[in-house]
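Working notes, structure below.
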Number of protein chains: 2
Amino acid sequence: MSEAKSAESRPYHHGDLRRALVDAARRLLEAEGPTALSLRAVAREAGVSPAAPYHHFKDKAELLDAVAQEGWDILSALMAEAKGTAVGPHQLTALGIAYVCFARDNPALYRVMYDAARDKEMLPDEVQDNKDSAYCMVRDTMIEHGANPDDEVHLELASVAAWCGAHGLAEMAGFKQFDHLKEALGGERQFLEAVLNHMGLFPNPQHRC
Amino acid sequence: MSEAKSAESRPYHHGDLRRALVDAARRLLEAEGPTALSLRAVAREAGVSPAAPYHHFKDKAELLDAVAQEGWDILSALMAEAKGTAVGPHQLTALGIAYVCFARDNPALYRVMYDAARDKEMLPDEVQDNKDSAYCMVRDTMIEHGANPDDEVHLELASVAAWCGAHGLAEMAGFKQFDHLKEALGGERQFLEAVLNHMGLFPNPQHRC
DNA sequence: AATGGCATCTGTACAGCGCTTAGATATGAA
DNA sequence: TTCATATCTAAGCGCTGTACAGATGCCATT
């Protein structure tokens, strides 16, 4: 655990402590897990006093919100990239795989993202409202591959179902009970694809299985 | 917040403090939410000193495990009851609805259940191994309504997909973004059923939609 | 019936937590 | 150059989980 800057290089005023705190939080999160992520530990990691963060964040939750927001940004970017590498209806599968792989590779960050969302009982705008957001990406991809854009309710239902399915799988994929199933299917990637194919990710059923 | 017994009625030795602590924890959980569930608060609620719980639980996590286990027991019972009230393939939908409704009605308990599971990276035996467990109930119901019991991999895949889908929906159903969709569908119950129908709950596709 | 072992519970203590307040320090505008 | 203001530190409050020593009362043995 190294601080962001050496003691001599940091002036009394940090320069961009907000940024440094979020970075420190993500570093701690990856190294020590979510339970170790205390405000004091983040301040320590950033090399400042325990009270310093309060000049940049109202409280601990607001710091975690900033960390979570970065997570959503990264997830959106990864999904966009995954969509670009696939063609046709496989794009939807690619989105789902990218989503679940992100959760597998960043379990602590993923947890912080949804904890923050649950505490305010809503997903961040990044997921739901923005153009080019992850959720709209799912919707748009469904339209591109056969979903009826005029049937708003059905379209949104399909998007919600896909999102819920991917989230459920993302949270369960780490459980040890599924290890033997992963082996039977030839690996974790195959397991993830197989489960996703059993769910309502595709607007046109002939693409299942 | 009232203690379990009045001061005069409780002798120095409690009798069944373990039980009383789990009850107190569940009472606090329902009343104040998961963040208020400290070991000291539980001890306070049960009317004992902060150190008393350590004679019945190794640490806080072990107390929460006991609370979570009760949650799984209740969930299993509710699902069994729901299955009994439905006939044919609707039994699977009934299981899903019962699952999601339990999560909606006991959000704090549901959260404790999965937090405990995630911390040890596995679901409790109640879900996976036991006869009459919730997970086996899903498997068995699938077999009863058309799934091939000999194709073990496919059967388990379908069960996992169903469980993941229900869990994902359970966690997302509370988000405010879906309120307008609930209204459009005529209520929360309809929303839950509609989303479940879009997912892989049914082993035979003709029962979707 | 008396005794003593033992599980159970209390009291006290410690380090770490989130957060507040008061005061020190550096920056940038007047 | 001066000074308001933003940023940081130091100290402290009440809370937390957990450890330990000692008080208490149940139960089996005698």
Side-chain angles (χ1 to χ4, degrees), chain A residues 1 3-25 28-29 31-68 108 112 115-116 119-120, chain B residues 1 3-25 28-29 31-68 108 112 115-116 119-120:
Chain A
M1 220 45 44
E3 61 245 276
K5 296 187 174 190
S6 64
E8 39 86 19
S9 79
R10 192 181 71 75
Y12 187 91
H13 285 81
H14 185 286
D16 194 355
L17 183 55
R18 184 178 217 279
R19 189 87 281 277
L21 287 169
V22 174
D23 289 344
L28 276 176
L29 203 55
E32 316 276 349
T35 59
L37 196 66
S38 71
L39 234 179
R40 292 174 105 105
V42 172
R44 226 154 27 216
E45 171 79 8
V48 294
S49 79
Y54 288 91
H55 293 271
H56 303 270
F57 301 99
K58 178 171 126 285
D59 54 16
K60 184 185 181 182
E62 206 170 275
L63 168 59
L64 292 185
D65 281 349
V67 173
V112 167
D115 283 350
D119 285 345
K120 52 179 75 160
Chain B
M1 218 48 42
E3 61 244 276
K5 293 186 175 191
S6 64
E8 40 85 20
S9 81
R10 191 180 73 73
Y12 187 91
H13 286 82
H14 185 287
D16 194 356
L17 183 54
R18 184 177 217 279
R19 188 88 281 279
L21 287 169
V22 174
D23 288 345
L28 276 176
L29 203 54
E32 317 275 351
T35 59
L37 195 66
S38 71
L39 233 180
R40 293 174 101 104
V42 172
R44 226 151 32 214
E45 170 79 7
V48 294
S49 78
Y54 286 90
H55 293 273
H56 302 270
F57 302 99
K58 176 173 125 287
D59 54 16
K60 185 186 181 182
E62 205 169 277
L63 169 59
L64 292 185
D65 281 350
V67 173
V112 167
D115 283 350
D119 285 344
K120 52 178 76 160

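Here B/S49 does not reach the OP1 or OP2 of C/dG11: none of its side-chain N or O atoms lies under 4.0 Å away. Distances shown here put every side-chain N or O of B/H55 at or beyond 4.0 Å from the OP1 or OP2 atom of C/dT10. The side chain of B/R44 contributes an N or O atom lying less than 4.0 Å from OP1 or OP2 of D/dT16.
The two residues A/A25 and A/V67 make their nearest non-hydrogen contact at CB-CG2, 3.7 Å.
One atom, CG of A/L17, and another, C1' of C/dA26, lie 15 Å apart when rounded to the nearest Å. In this structure, A/E45 atom CD and C/dC17 atom P are separated by 13 Å, rounded to whole Å. Rounded to whole Å, the distance from OH on A/Y54 to P on C/dA22 is 17 Å. Atom pair B/E32:CD and D/dC15:P shows a separation of 14 Å (rounding to whole Å applied). Per the geometry, CG belonging to A/D59 stands 9 Å off C1' belonging to C/dC19, to the nearest Å. A/L64 places its CG atom 14 Å from the P atom of C/dC17, with the value rounded to the nearest Å. Rounded to an integer number of Å, the gap from NZ of A/K60 to P of D/dT16 is 15 Å. Straight-line distance from the CG atom of A/L37 to the P atom of C/dC17: 11 Å, rounded to whole Å.
Looking at which nucleotide of DNA chain D each of A/A52 and B/S38 is closest to, the 5′-most match is held by A/A52. With DNA chain C read from its 5' end, the first of the two nearest nucleotides for A/A41 and B/D16 is the one closest to B/D16.
Proximity note for A/A51 (side chain, C-beta onward) versus C/dT10, C/dC19, D/dA10: the nearest is D/dA10. Closest contact between the side chain of A/L39 and the listed nucleotides C/dC19, C/dC17, D/dA10 involves C/dC19.
Here the side chains of A/D119 and B/T35 are not in contact, with every heavy-atom distance at 4.5 Å or above.
When atom types are taken as modelled, the side chain of B/D59 and the backbone of B/E62 share a donor-acceptor pair closer than 3.5 angstrom.
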Give the C-alpha distance, both sets of side-chain angles, the deciding distance and a yes or no for side chain to side chain contact (heavy atoms under 4.5 Å, CB included) between B/D115 and B/L64. CA-CA 9 Å; B/D115 283 350; B/L64 292 185; over 6 Å; no

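We find the CG-CG distance between A/L39 and A/L21 to be 8.0 Å, quoted to the nearest 0.5 Å.
Counting distance only, with no hydrogens placed and no angle test, the side-chain atoms of B/R40 and the base atoms of D/dT18 include a donor-acceptor pair under 3.5 Å.
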